Amino acid sequence: MNLKSLTKAIQFIESNLTNEITLDDVANHVYVSSYHYQRVFSLTTGFTIGDYIRNRRLSLAGHDLLLSKNKIIDIAMKYQYDSQESFTKAFTRFHGITPNSARTQSHRLKYFRPLTINIIIQGGFDMSNQREILTVAQYSSYESDSITRLLAGAESPRKSNKIKEYRKIENWQNYFLCSGICSVGLKLGSGIEDFHYYANFTGDNFTYMYSEKVGNPDNLQCDSGITNYFFSPQVVKKAFAAFGHDCIYISNSEIKKDFRAVMNAIKTSIDKDIPVLAWGMGNVMYGNGKRYDPMGEGCLIGGYDENDVLYVNLYCGQERLPEGSVDEYGYSTITNGLDTTYGLFFAGEKLPPVDKRQTYQSVIDSIPTFLTLPPTEGDDGMYAFGKTAFETWAKTLETDIYFENKTDDELNDICWNLHLSPYCCVCTSSAYGFLKNAVEQYPDLTMAVTLLPLYKKMQDYKDEIWAIQGDFYPPMDKFRTHEFRSQVAAILRKMGDVCDEILKAYGER
């Protein structure tokens, strides 16, 4: 049994984790005896096939409990447990907490990655304190790092301080978390000016999303990729590793354990001229009086004063903030903003040099994940991904009832959520550029060579929509017509078909 067959067997397991599956089923799929398959699998991966299937199912079950409102018994049955009691016992042994506690203690959930067979074995339990995982830019666990990992030191001798020269987050950039990561990286000598580079590691470049429901009745926003709407600390660590640095993630619960230590750590970082990345800064006031607590997008903490006021570079632009509230360096003053922030990311130690080819390979290996995400609940409703997202988007445009008897102003109000928000996400993606660079630098990356023309199709289809609309925003008299919207819907379905072509390419490796 060669490595190609072993990879094919693992892919078969992954596609059947919610079905009843036996050792014989897997062995028959790759035309070997079950004894031989079990022996090779265990010697190669360090896991028995039963342990691997169980670990993957329980890992995914934790994800389902965290991101859905499904009943525990339904999730138990989904992952082939015959009773809630047996599922609870297995879940508790694996995660260390009960299924009932998963939604309130999400930081304790373990993540067991699918195995990929290359020259080395990657996958299994990811713990953020293992240097080699970050070196190859793999995912880390959801669990918060401890405050003791912070280089907090003593109280800063300064009363206040601001980083005055830094790359600001702008409201046109869309991938705001990636933009903030780019700013931190530049301060640490990355030399990478384009924030889109980091969207490869967070998955933003490869994620297509829409409301799960036709017509987007919950008015879900889809304009800024996956990191704007789903909190995933592990992708930030992966992106930090891409510019050669460890990343220390401190959750909201850890902040509350020792607020003073966290503030000292922020001050220490700023005194070193390195901004702190925040995901979801709290107590953000807009000019219209609306308060975000927290605001979901990534932002930069670049200053402080003696009263623990933080100077934060937010994405939203001066036009949306109270008049005169943004200073000459691009900062808004935030008080008590850490109370509700999702978490903070501090730059840690410099990592050993990484193999850039392996970095590209890591990104390429992750692409199917973002095209096959199950329907997932965000703050305001359920999202669909990949081909399903394109199909729901197309059906929405073809349903006249959403667009009939509307004035231009009314159409303009709904045009964003029903069409332009996901189109903005498609337009922002630089997946084709990433793969083009990968092929130019490493022509032996066969999957990059295979994917390049497929993502060129995606780019061409995006440009076709632009040409039909005459710009990013279509004229409302054109958007009102069924014929126009059907033209766009037909292209969206072609983009959904490309998602299938991409996944088929992985299946045939």
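Computed from a prediction, not measured in an experiment: that's the story for all the values here. Atom set for the values below is all heavy atoms of this structure, side chains included, hydrogens, waters and symmetry mates excluded.
Judged by distance alone, the side chain of Ser486 and the main-chain N or O of His482 form a donor-acceptor pair under 3.5 Å. Using a distance-only test at 3.5 Å, with no hydrogens or angles considered, a donor-acceptor pair links the side chain of Trp279 to the main chain of Gly296. Side-chain atoms of Asn283 come within 3.5 Å of backbone N or O of Thr335 as a donor-acceptor pair. Not one N or O on the side chain of Arg357 forms a donor-acceptor pair closer than 3.5 Å with the backbone of Ala438. Between the side chain of Asn16 and the main chain of Phe12, a donor-acceptor pair closer than 3.5 Å is present. The main-chain N or O of Leu220 is found under 3.5 Å from a side-chain atom of Asn216 such that the two form a donor-acceptor pair. With hydrogens and angles ignored, the 3.5 Å screen pairs a side-chain donor or acceptor of Ser224 with a backbone N or O of Asn174. Side-chain atoms of Ser430 never come within 3.5 Å of backbone atoms of Gly433 as a donor-acceptor pair (strictly under, hydrogens ignored). Remark: side-chain polar atoms of Ser366 are paired, donor with acceptor, to backbone N or O of Val363 under 3.5 angstrom.
Side-chain polar atoms of Ser362 and Asp365 form no donor-acceptor pair below 3.5 angstrom. No side-chain donor-acceptor contact under 3.5 Å links Thr407 and Asp409. The closest side-chain donor-acceptor pair between Ser86 and Ser83 falls under 3.5 angstrom. Donor-acceptor pairing under 3.5 Å is recorded for the side chains of Trp416 and Gln221.
For Asp293, the salt bridge (charged side-chain N to carboxylate O under 4.0 Å, His left out) partners are Arg291, not counting sequence neighbours. For Glu398, the side chain to side chain donor-acceptor pair (under 3.5 Å) test picks out Arg493, with sequence neighbours left out. Residues satisfying the side-chain contact (heavy atoms from CB on, under 4.5 Å) test with Lys478, not counting sequence neighbours, are Pro475, Phe484. Under the side chain to side chain donor-acceptor pair (under 3.5 Å) criterion, Ser179 pairs with Arg167, Gln173, not counting sequence neighbours. Remark: Glu464 engages no residue in a salt bridge (charged side-chain N to carboxylate O under 4.0 Å, His left out) (not counting sequence neighbours). Glu440 pairs by the salt bridge (charged side-chain N to carboxylate O under 4.0 Å, His left out) definition with Lys436, not counting sequence neighbours. Taking the side chain to side chain donor-acceptor pair (under 3.5 Å) definition, one finds that Gln459 meets it with nothing, sequence neighbours left out. Considering only residues two or more places apart in sequence or on other chains, Glu212 meets the side chain to side chain donor-acceptor pair (under 3.5 Å) condition with none of them. By the side-chain contact (heavy atoms from CB on, under 4.5 Å) test, Val326 pairs with Gln318, Leu321, Ser332, sequence neighbours left out. With sequence neighbours left out, Asp64 forms a salt bridge (charged side-chain N to carboxylate O under 4.0 Å, His left out) with Lys78.
Ring orientation note: the planes of Trp466 and Tyr423 are tilted relative to one another, at an angle of 30° to 60°. Note: His419 and Phe479 have parallel aromatic rings, judged against thresholds of 30 and 60 degrees for the angle between ring planes. Using the six-membered ring where Trp is involved, Trp172 and Phe195 have ring planes that are perpendicular, over 60° apart on the 30 and 60° scheme. Ring-plane geometry between Tyr175 and His196 is classed as perpendicular, the angle between the planes exceeding 60 degrees on a 0 to 90 degree scale with a lower cut at 30. Using the six-membered ring where Trp is involved, Phe434 and Phe206 have ring planes that are perpendicular, over 60° apart on the 30 and 60° scheme.
With a 4.5 Å cut-off on side-chain heavy atoms, Thr227 and Val235 count as touching. Looking at heavy atoms from C-beta onward, Tyr432 lies in side-chain contact with Leu452 at the 4.5 angstrom threshold.
Nearest heavy-atom pair, Gly298 versus Ile169, reported as atom, atom and distance to 0.1 Å: O-CD1, 3.9 Å. Of all heavy-atom pairs between Tyr229 and Cys222, the closest is OH-N, 3.7 Å. When all heavy atoms are compared, the tightest approach of Cys178 to Ala199 is SG-CA, 3.6 Å. Across every non-hydrogen atom of Ile192 and Tyr197, the tightest pair is CD1-CE2, 3.4 Å.
Put simply, CG on Asp460 and NZ on Lys494 are 11.0 Å apart, with the number rounded to the nearest 0.5 Å. Here the CG-CG distance, from Leu454 to Leu503, works out to 10.5 Å after rounding to the nearest 0.5 Å. The CG atom of Asp82 sits 7.0 Å away from the CE atom of Met77 when rounded to the nearest 0.5 Å. In this structure, His95 NE2 and Leu65 CG are separated by 8.0 Å, a value rounded to the nearest 0.5 Å. Of the inter-residue distances, the one linking Phe87 atom CZ with Leu58 atom CG reads 6.5 Å to the nearest 0.5 angstrom. Rounding to the nearest 0.5 Å gives a distance of 7.0 Å between CG of Asn313 and OG of Ser183.
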task = Determine, stepwise, if the pair Tyr342 / Asn252 fulfils side chain to side chain contact (heavy atoms under 4.5 Å, CB included).
result = CA-CA 6 Å; Tyr342 293 129; Asn252 182 264; over 6 Å; no
message = Would Tyr249 and Val236 count as a side chain to side chain contact (heavy atoms under 4.5 Å, CB included) here? Give the steps.
response = CA-CA 9 Å; Tyr249 161 59; Val236 183; over 6 Å; no
ask   = Should Tyr210 and Thr396 be marked as a side chain to side chain contact (heavy atoms under 4.5 Å, CB included) after you check the CA-CA gap, both sets of side-chain angles, and the distance that decides it?
value = CA-CA 10 Å; Tyr210 198 78; Thr396 297; 3.4 Å; yes
task = Step by step, work out the side chain to side chain contact (heavy atoms under 4.5 Å, CB included) result for Val184 and Leu300.
result = CA-CA 9 Å; Val184 175; Leu300 294 170; 4.0 Å; yes
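Within a 6.0 Å sphere centred on CD of Glu323, heavy atoms belonging to other residues, nucleotides or ligands number 12 at most. Residue Lys395 places its NZ atom among 12 or fewer non-hydrogen atoms of other residues, nucleotides or ligands, all under 6.0 Å distant.
In this structure, Lys457 forms no cation-pi arrangement with Tyr461, as its terminal cationic atom is not both closer than 6.0 Å to the ring centre and no more than 45° off the ring axis.
Evaluation of the salt bridge (charged side-chain N to carboxylate O under 4.0 Å, His left out) test over residues 173-185, restricted to residues two or more places apart or in two chains, returns none. Screening residues 215-225 for salt bridge (charged side-chain N to carboxylate O under 4.0 Å, His left out), with sequence neighbours left out, gives Lys213-Asp218.
A salt bridge does not link Asp500 with Lys504: every distance from a Lys NZ or Arg NE/NH1/NH2 to an Asp or Glu carboxylate oxygen is 4.0 Å or more. Using a 4.0 Å cut-off between charged side-chain N and carboxylate O, Asp339 and Lys256 make no salt bridge. For Asp400 and Arg485, the salt-bridge test passes: some basic side-chain N is under 4.0 Å from an acidic carboxylate O.
Between Tyr208 and Phe390, the ring center distance clears the sub-6.0 Å criterion.
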